[in-house]
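Only a predicted model underlies this, so the values are computations on that prediction, with no experimental measurement involved. By convention in this document, chain letters (A, B, ...) are assigned in the order of the sequence lines, proteins followed by strands, and residues within each chain are numbered from 1. All heavy atoms count here, side chains included; hydrogens, waters and symmetry mates do not.
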Amino acid sequence: EMMTEVGPGEGQVNIVAWAGYIERGETDKAFDWVTKFEEATGCKVNVKTANTSDEMVALMNEGGFDLVTASGDASLRLIAGKRVQPINVDLIPSWSTVDDRLKDAPWHTVDGVHYGTPYMWGPNVLMYNTETFKEAPTSWNVVFEEMDLPDGKTNKGRVQAYDGPIHIADAAQYLMFHKPELGIKSPYELNEDQYKAALDLLRVQRTLVGRYWHDAFIQIDDFKNEGVVASGSWPFQVNLLKADKAPVASTIPQEGATGWADTTMMHVDAANPNCAYLWMEHSLASNLQSDLSVWFGANPSVPAACTDGRGMQTAEGCTANGLDDFDRIRFWTTPVSKCESQGECVPYYRWVSDYIGVIGGR
Amino acid sequence: MPHAVSFQKVSRHFGSVRAVDAVDLEVEPGEFFAMLGPSGSGKTTCLRLIAGFEQPTSGHIEIFGETAEGVPPYRRNVNTVFQDYALFPHLNVADNVAYGLMIRGVGGTERLREAEAALEMVKLPGYGARKPGELSGGQRQRVALARALVNKPKVLLLDEPLGALDLKLREQMQDELRLLQKSLGITFVFVTHDQGEALSMADRIAVFNHGRIMQTGTPEEIYRRPKTRFVADFVGSSNVLSPALTQRLGGPAEWASLRPEDIRLSTEGAEAVVTATSFLGSATRVTLDLAGEKLTVLHPAGAPVPAPGAKVRIAWDKAALHLMGPEA
Amino acid sequence: MPHAVSFQKVSRHFGSVRAVDAVDLEVEPGEFFAMLGPSGSGKTTCLRLIAGFEQPTSGHIEIFGETAEGVPPYRRNVNTVFQDYALFPHLNVADNVAYGLMIRGVGGTERLREAEAALEMVKLPGYGARKPGELSGGQRQRVALARALVNKPKVLLLDEPLGALDLKLREQMQDELRLLQKSLGITFVFVTHDQGEALSMADRIAVFNHGRIMQTGTPEEIYRRPKTRFVADFVGSSNVLSPALTQRLGGPAEWASLRPEDIRLSTEGAEAVVTATSFLGSATRVTLDLAGEKLTVLHPAGAPVPAPGAKVRIAWDKAALHLMGPEA
Amino acid sequence: MSASALKATAILPGRGGIGGALSDAFWRKPTLLLFVLLTPPLLWLGIIYLGSLFALLVQSFFSIDEFSGLVVREFTLKTYGELLRPANLDIIVRTLTMAALVTIASAILAFPIAYFAARYAKGRWKAVFYLGVMLPLWSSYLVKVYAWKLILAKEGILTWIFDKLHLTVLIDSWLALPVVGGNSLSVSPTGTFLVFVYVWLPFMILPVQAALERVPSNLLEASADLGAAPRQTFLNVLLPLALPGIIAGSIFTFSLTLGDYIIPQIVGTSHLYIGMAVYAHQGTAGNIPLAAAFTVVPVVIMGIYLWLAKRAGAFDAL
Amino acid sequence: MRSDRHTRAPLRLKIAAGIGLAFLHLPILLIFLYAFTTEEKSYQFPPPGLTLKWFAVTWNRPDVWEALGLSVRVASISTVVALTLGTLCAAAISQTRFFGREAISLLVILPIALPGIITGISLRSAFNLAEIPFSFWTIVLGHATFCVVVVYNNAVARFRRMSGSLIEASMDLGADGFQTFRHVILPNIGTALLAGGMLAFALSFDEVIVTTFTAGQQATLPIWMLEELVRPRQRPVTNVVAMVVVLVTFLPILAAYYLTRDGDQISGQGK
Ligand SMILES: Nc1ncnc2c1ncn2[C@@H]1O[C@H](COP(=O)(O)OP(=O)(O)OP(=O)(O)O)[C@@H](O)[C@H]1O
Ligand SMILES: Nc1ncnc2c1ncn2[C@@H]1O[C@H](COP(=O)(O)OP(=O)(O)OP(=O)(O)O)[C@@H](O)[C@H]1O
Ligand SMILES: NCCCCNCCCN
Ligand SMILES: [Mg+2]
Ligand SMILES: [Mg+2]
């Protein structure tokens with residue numbers, strides 16, 4: 001049921017996307033990669049913002065959308081649930097320009113079949129307040145363990161964590177570094193003991209966190225108005241806060257970082273398949289990759305976007321965003337029970353309910 | 001000429017309640033007919049059967065010779081003056097009165113003219129522009145009357161129309177209503193539980209109890225020759241004598257009634273003890289204990305009133321003792 | 001012994017309305033005192049001044065010799081039976097009656113016992129568990145009475161307590177109330193606009209009009225010797241004769257009152273025309289036209305009733321003509 | 001007049017036409033009228049609304065496939081097992097506690113306003129009170145909630161005011177309390193509570209005022225007459241008689257708190273409430289069966305609540 | 001009229017009522033204040049400066065008009081539906097007696113007594129099951145469902161106060177069922193329907209939760225506000241919108257108050 005040709009556009013395309021992924025110049029006039037597309041193709045772009053991978057899966061399960069910018073922890077679920085359709089890369093002329101590291105990435109390629117076009121990837125950084133931290137913190141411990149921060153005050157109530165079960169992986173990665181005896185190979189593949197250790201760490205974190213962040217913009221607000229000084233975050237928030245002249249910066253501490261690599265995937269029942277294909281091509285072929293990587297502070301899936309001058313990105317910018325750190329980042333992926341590294345792992349559904357429990361104080 | 005209203009074995013039951021129970025009734029054209037009876041005796045239900053708000057459970061109703069069953073109220077040439085007047089609060093007095101004409105499609109000026117004429121008839125000329133809320137109880141009652149009369153109904157039904165008025169106003173309205181009825185010649189069927197009102201106003205009275213008619217007759221008949229203990233008791237606070245007492249007083253062993261105003265305090269006759277006296281203005285009511293039964297005497301004004309506890313003798317005209325048979 | 005209630009030049013004004021206007025009043029201990037008057041004449045306001053719901057604009061009030069101004073209702077040993085009873089709908093009958101005791105901290109069993117005793121007194125034993133909504137009007141009235149009496153007040157105020165009851169029940173309650181008052185010896189102050197009620201129940205009556213007391217006296221005084229036209233007219237439907245008519249009939253040129261029951265249809269005397277007759281049961285009311293003035297005669301039962309239009313002559317005892325002076 | 005009155009017939013012809021015929025039919029068969037009246041609302045509420053509700057509740061007996069997140073349509077009690085896990089019981093208890101506290105606080109705050117409006121405010125003042133309650137009801141719920149965020153934030157208005165008054169210590173010591181405290185007012189259960197009370201308060205005032213307006217003033221006089229001081233009258237007469245109104249209002253405050261997910265998300269500590277849990281399981285996690293199982297909780301609670309309220313006569317006061 | 005037996009309120013009551021009203025209104029004044037702030041990204045207190053420019057900005061934002069238009073249309077249609085269903089139900093309940101009356105009054109109250117999120121997700125999952133795509137009408141369906149009750153309550157209360165004999169009086173005077181409805185029932189319950197309708201409109205106009213579940217991709221004003229508040233572009237614009245809504249509704253609320261008050265007086269005059 002893969003499409004074999006792209007016909008004329010249907011007039012619109014409905015996309016589920018992460019905050020900051022699809023901009024039409026409303027927040028900042030300079031960042032607009034939608035208007036020209038709409039003018040050129042006649043496909044009006046409707047965006048529904050989702051805050052977590054789970055929301056994306058839920059929205060796609062419910063239907064009514066053509067495309068989704070799914071991260072690795074959502075993409076495989078969508079494929080397994082038959083919510084997305086195989087992509088005919090022959091209908092996307094710019095496919096060849098895609099980063100080779102991403103072309104056959106396992107989070108969108110199953111049994112050699114492609115289920116989407118790579119969109120963008122990047123790390124989950126540690127955002128911090130530069131007035132509190134004169135120097136960048138070197139460890140994630142500022143958000144995991146109770147301590148006094150450089151300004152002499154405790155970190156209690158002044159740090160945040162992501163309100164999504166996938167944050168368990170951040171804890172696991174922290175333990176990988178600090179408790180090698182647990183034998184964690186991948187933060188997404190945890191046996192019962194490793195999993196328990198991660199939850200225990202998160203329970204400590206709960207005592208430090210006043211409010212978890214769920215929405216990028218609310219996190220921005222909390223950094224401004226609620227005295228939050230450190231949190232796992234996305235480069236996007238860092239960029240926006242900096243633009244508002246807020247005293248923040250970001251870093252990837254010694255333990256490394258989890259990250260995301262997102263794929264534009266198409267719904268099995270997409271009502272607007274032609275516009276969807278046109279968008280996928282647009283996402284690789286235009287200024288989009290370049291501007292997006294500046295705007296969000298992450299890396300394009302088309303390496304040429306760093307250098308070919310179609311958008312604002314530069315080679316230095318790409319390097320700063322970590323284009324060369326691909327191998328250091330552990331990309332979000334859905335934990336499954338039959339895991340490669342140790343046979344039997346705690347599956348994702350338990351992550352979901354247990355993380356709710358941890359936030360609830362259990 | 002057919003009867004104005006005729007009931008043939010009409011019953012109206014609500015579940016197990018026999019509100020109206022096999023009633024035969026005839027109201028003559030042009031008559032002022034009163035239905036009298038205690039609360040819950042079925043008077044209102046009878047009226048509603050005539051108006052068409054209730055359907056008989058069984059029996060047959062005719063209005064001026066025409067079958068009434070199955071005819072909705074709005075097709076009966078019969079109008080009602082409701083106990084609470086039921087004036088339309090959103091319409092002014094003139095529009096209230098003209099309502100029936102408006103429904104029948106009478107034009108604006110024409111119907112307002114007729115409404116004004118009707119208001120004049122009830123002595124409320126020039127009140128047309130007021131809202132019902134701005135009228136006193138008696139005035140509202142007249143508007144309700146005008147609203148019904150303007151339609152020239154063949155029968156006018158009135159459900160305790162004077163119940164809410166105070167004494168003075170009530171007496172005045174009684175006189176006016178009667179005058180109006182006589183001058184218009186419309187058949188009035190009038191419901192009341194006030195025996196005085198029924199006696200003073202009606203040409204004929206039907207006394208109701210438990211959904212049945214106990215007696216029908218002129219006020220004099222009802223008052224002087226009650227057929228049953230109930231009627232004697234209910235109409236004017238009569239003394240009802242048990243067969244034993246009647247016999248003791250020299251009559252046959254039958255139930256009897258003896259009007260308080262027919263008893264004289266005298267020097268001879270049966271002896272009784274005064275238990276209470278109560279000044280009524282035009283007379284004094286003296287309550288006696290006669291051989292263990294209570295007896296009321298209406299003692300004319302002027303004469304000296306015996307004190308409670310005094311022994312008195314009582315007398316009456318033979319004719320005043322009305323016999324009702326051994327089983328009344 | 002001080003007066004039970006004493007008003008000295010008491011006024012209560014609402015803005016420009018003089019609800020009570022410089023009233024002097026004395027109620028004696030143990031008396032059954034009635035306040036009679038038309039609607040809006042200030043009776044309720046007087047009662048509320050005694051109960052403490054209103055404060056006088058000027059003047060002085062004493063209750064059993066103690067100054068009442070400034071004392072809140074809940075500190076006056078006076079209880080009220082409200083016109084619409086004001087029973088607490090959320091409490092059952094027993095708790096309603098026991099309310100005052102509960103407030104005073106009387107224990108549960110004790111106060112329920114007393115409440116039951118009070119209910120017995122008003123002939124409602126065993127009704128304690130019902131809610132007020134499940135009682136008839138007369139029963140509610142009795143509960144309100146029991147609720148007030150259980151506190152053994154020094155003065156009991158009753159604001160038209162029988163107004164909402166129907167005729168039969170009203171008469172019965174009148175008798176019961178009087179008996180109760182006499183047996184308990186509590187001072188009753190009773191408001192009514194029904195002259196019959198006031199006459200038959202009270203030891204003394206104050207007749208109100210426009211916020212002022214027109215006359216105070218025993219029922220007989222009020223009825224037979226009204227001081228003013230207003231009193232004569234309001235108390236019992238008396239004939240009020242203009243000075244001109246009085247003179248024509250052989251009296252001085254003064255206002256006079258002449259009771260309908262004191263007039264006889266006779267063969268001699270002034271000539272008048274019958275305009276209407278109305279059967280009252282114990283008598284017939286005959287309306288006459290005498291030289292253009294309306295005159296009512298109470299014609300005893302039994303005697304033949306003249307037809308409307310007939311010419312009759314009328315007579316009365318000299319003493320029956322009550323003169324009220326040229327300016328009454 | 002009398003002559004023409006005697007000429008007319010006693011029974012008049014009908015109006016004719018469809019209207020006339022229909023009117024006659026309705027009169028003859030009142031059940032037909034009842035049927036016509038009730039069909040549209042029953043179709044809408046009885047079939048569509050209750051049908052949907054029922055369909056949702058049925059889904060609580062399904063489960064989801066753990067990997068793909070798709071609903072497995074087979075009967076199971078597994079989802080209820082999940083609902084009864086301690087973390088979820090926490091959510092239920094937390095929500096019920098909050099709803100109860102919000103309801104009580106609203107009642108306490110609403111009473112004086114309603115009482116004043118019902119008994120003392122007259123003429124223009126009555127209108128002022130009416131507007132005073134209706135306007136907040138008409139102002140955007142969301143904007144109000146965000147205004148509170150502004151008020152309660154660590155860098156917010158309350159802090160600013162208390163700072164100017166040199167009373168910051170008051171806020172700080174309150175925030176230091178366990179359970180109710182937190183990092184700042186807007187990140188504490190206290191904040192959530194305040195905003196809930198604020199937003200639902202008008203829903204309590206209106207029915208309480210209606211109930212108080214229906215208390216005849218002579219009952220209060222009767223109470224005073226029987227010796228009750230104002231406080232005793234309040235406790236023994238006014239409060240019991242206003243109770244149906246309070247219950248009617250509490251239907252709103254309680255149920256709105258039970259289901260709201262926006263307020264605790266914007267002002268709160270990330271601890272879940274039932275509304276948030278339902279929203280998260282439905283929207284974020286796509287776990288419709290668990291979301292449905294969660295909704296059973298308010299449905300059961302409100303069912304019992306409504307039944308009790310109906311018995312207390314609260315529906316008349318709504 | 002002597003409802004005013006108590007002339008003066010106790011001071012403590014006045015203070016408590018005053019505090020309550022202040023609590024209700026100070027945050028609203030704040031909303032008004034921030035409609036004029038010069039700071040556009042985030043709020044700070046006190047505002048750095050005041051300006052009127054946001055009114056112009058708001059006026060020129062097409063998304064505001066779109067959302068407003070949708071909200072007005074949804075609320076109007078929902079109100080019409082609620083008026084119809086609520087009046088029918090109220091008429092049936094108060095004019096007739098039948099088995100299941102109690103159940104119906106419960107049924108009508110249920111949608112507002114159950115949290116909105118339940119109404120929302122029930123309808124949403126029903127739409128899914130029935131494969132009904134989201135549309136204007138799915139929003140109306142959700143809103144009208146919980147609006148019925150406010151109309152119903154107002155109408156039932158008015159019916160209860162309306163003397164039962166009015167309808168009989170009308171029929172007695174020759175008006176059939178439809179004429180009676182047109183000339184007596186409607187004028188008498190009119191103001192109650194108006195008040196109920198206004199409340200229904202208000203509820204619908206401001207509903208977030210049910211809309212979230214039944215709107216799909218459409219943005220009513222509250223949904224627009226939610227988006228705007230979470231991801232602010234020009235923060236004061238939301239305040240301007242909120243403020244204008246309050247001011248624009250001021251007069252109709254006042255009008256409804258006087259209308260229904262008069263209605264109560266008329267129907268309460270029966271003594
Ligand atoms: N619609 C009804 N449903 C059930 N019972 C009814 C109905 N209408 C009347 N009844 C009962 O029928 C009986 C007669 O009622 P009706 O109203 O005719 O009495 P009434 O003589 O007019 O009394 P009142 O003087 O109190 O008005 C009463 O017992 C009453 O309760
Ligand atoms: N609170 C008040 N405010 C203004 N006017 C009042 C008030 N209370 C009574 N009045 C007026 O004072 C006058 C006397 O009223 P009051 O209630 O004492 O009369 P009443 O004799 O009891 O009449 P009714 O027989 O109608 O009960 C009336 O004109 C009344 O309108
Ligand atoms: N004024 C808006 C508050 C939202 C209330 N919504 C009630 C709907 C309940 N289903
Ligand atoms: Mg009756
Ligand atoms: Mg009075």
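- Within the 4.5 angstrom heavy-atom criterion, atoms from both the backbone and the side chain of Pro298(D) approach chain E.
- Taking CZ from Phe32(E) and OG from Ser139(D), the interatomic distance works out to 6.5 Å, rounded to the nearest 0.5 Å.
- Ranked by non-hydrogen atom pairs under 4.5 Å with chain D, the options Leu110(E), Thr180(E), Ile19(E), Leu199(E) are led by Leu110(E).
- In this structure, the portion of Val148(E) lying under 4.5 Å from any heavy atom of chain D is its side chain and not its backbone.
- With chain D as the partner, the residue from Thr145(E), Val81(E), Val246(E) showing the most heavy-atom pairs under 4.5 Å is Thr145(E).
- In this structure, the separation between CH2 on Trp224(E) and CG on Leu142(D) is 11.0 Å, given to the nearest 0.5 Å.
- With hydrogens and angles ignored, the 3.5 Å screen pairs no side-chain donor or acceptor of Ser52(D) with any backbone N or O of Leu123(E).
- What you find for Gly259(D) and Ile117(E) is that their closest heavy atoms are O-CG2, 3.6 Å.
- Of the two parts of Leu150(D), only the side chain, counted from C-beta on, holds a non-hydrogen atom closer than 4.5 Å to a non-hydrogen atom of chain E.
- Here the closest heavy-atom approach between residue Asp176(E) and residue Gly20(D) is recorded as OD2-CA, 4.1 Å.
- Your options are Phe294(D), Phe54(D), Tyr261(D), Phe129(D), and the one with the most heavy-atom pairs under 4.5 Å with chain E is Tyr261(D).
- Partner Pro41(D) forms a side-chain contact (heavy atoms from CB on, under 4.5 Å) with one of Ile93(E), Thr84(E), Leu85(E) and no other, that one being Leu85(E).
- Between Phe26(D) and Phe178(E), the angle of the ring planes lies from 30° to 60°, which puts this pair in the tilted group.
- Within the 4.5 angstrom heavy-atom criterion, atoms from both the backbone and the side chain of Asp260(D) approach chain E.
- Looking at Leu30(E), only its side chain comes within 4.5 Å of chain D, counting heavy atoms on both sides.
- With a 4.5 angstrom heavy-atom cutoff, Ile274(D) does not touch chain E via any of its atoms.
- Across all their heavy atoms, Gly132(D) and His25(E) have their closest contact at O-NE2, 2.7 Å.
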Does the side chain to side chain contact (heavy atoms under 4.5 Å, CB included) test come out yes or no for Gln179(E) and Ser23(D), once each step is laid out?
-> CA-CA 9 Å; Gln179(E) 292 171 315; Ser23(D) 184; over 6 Å; no
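- Considering only heavy-atom pairs separated by less than 4.5 Å from chain D, the leading option among Ala157(E), Ala144(E), Gly174(E), Pro46(E) is Pro46(E).
- Using a 4.5 Å cut-off between heavy atoms, Ile205(D) touches chain E through its side chain atoms alone.
- Of the residues considered (Phe205(E), Phe23(E), Tyr152(E)), Phe23(E) shows the highest number of contacts with chain D, using heavy-atom pairs under 4.5 Å.
- Here Ile104(E) is the residue among Thr87(E), Ile104(E), Val156(E) with the most heavy-atom pairs under 4.5 Å with chain D.
- Here the CG atom belonging to Leu24(E) is positioned 4.5 Å from the CG atom belonging to Leu201(D), to the nearest 0.5 angstrom.
- Only the side chain of Thr212(E) comes within less than 4.5 Å of a heavy atom in chain D; its backbone stays farther off.
- When each of Thr238(E), Val230(E), Leu26(E) is scored by its heavy-atom pairs under 4.5 Å with chain D, the top score falls to Val230(E).
- Only the side chain of Leu34(D) comes within contact range of chain E, judged by heavy atoms closer than 4.5 Å.
- The two residues Ser255(D) and Pro115(E) come nearest to each other via the heavy atoms O-CG, 3.4 Å.
- Between Tyr146(D) and Ile31(E), the closest side-chain pair of non-hydrogen atoms is not below 4.5 Å.
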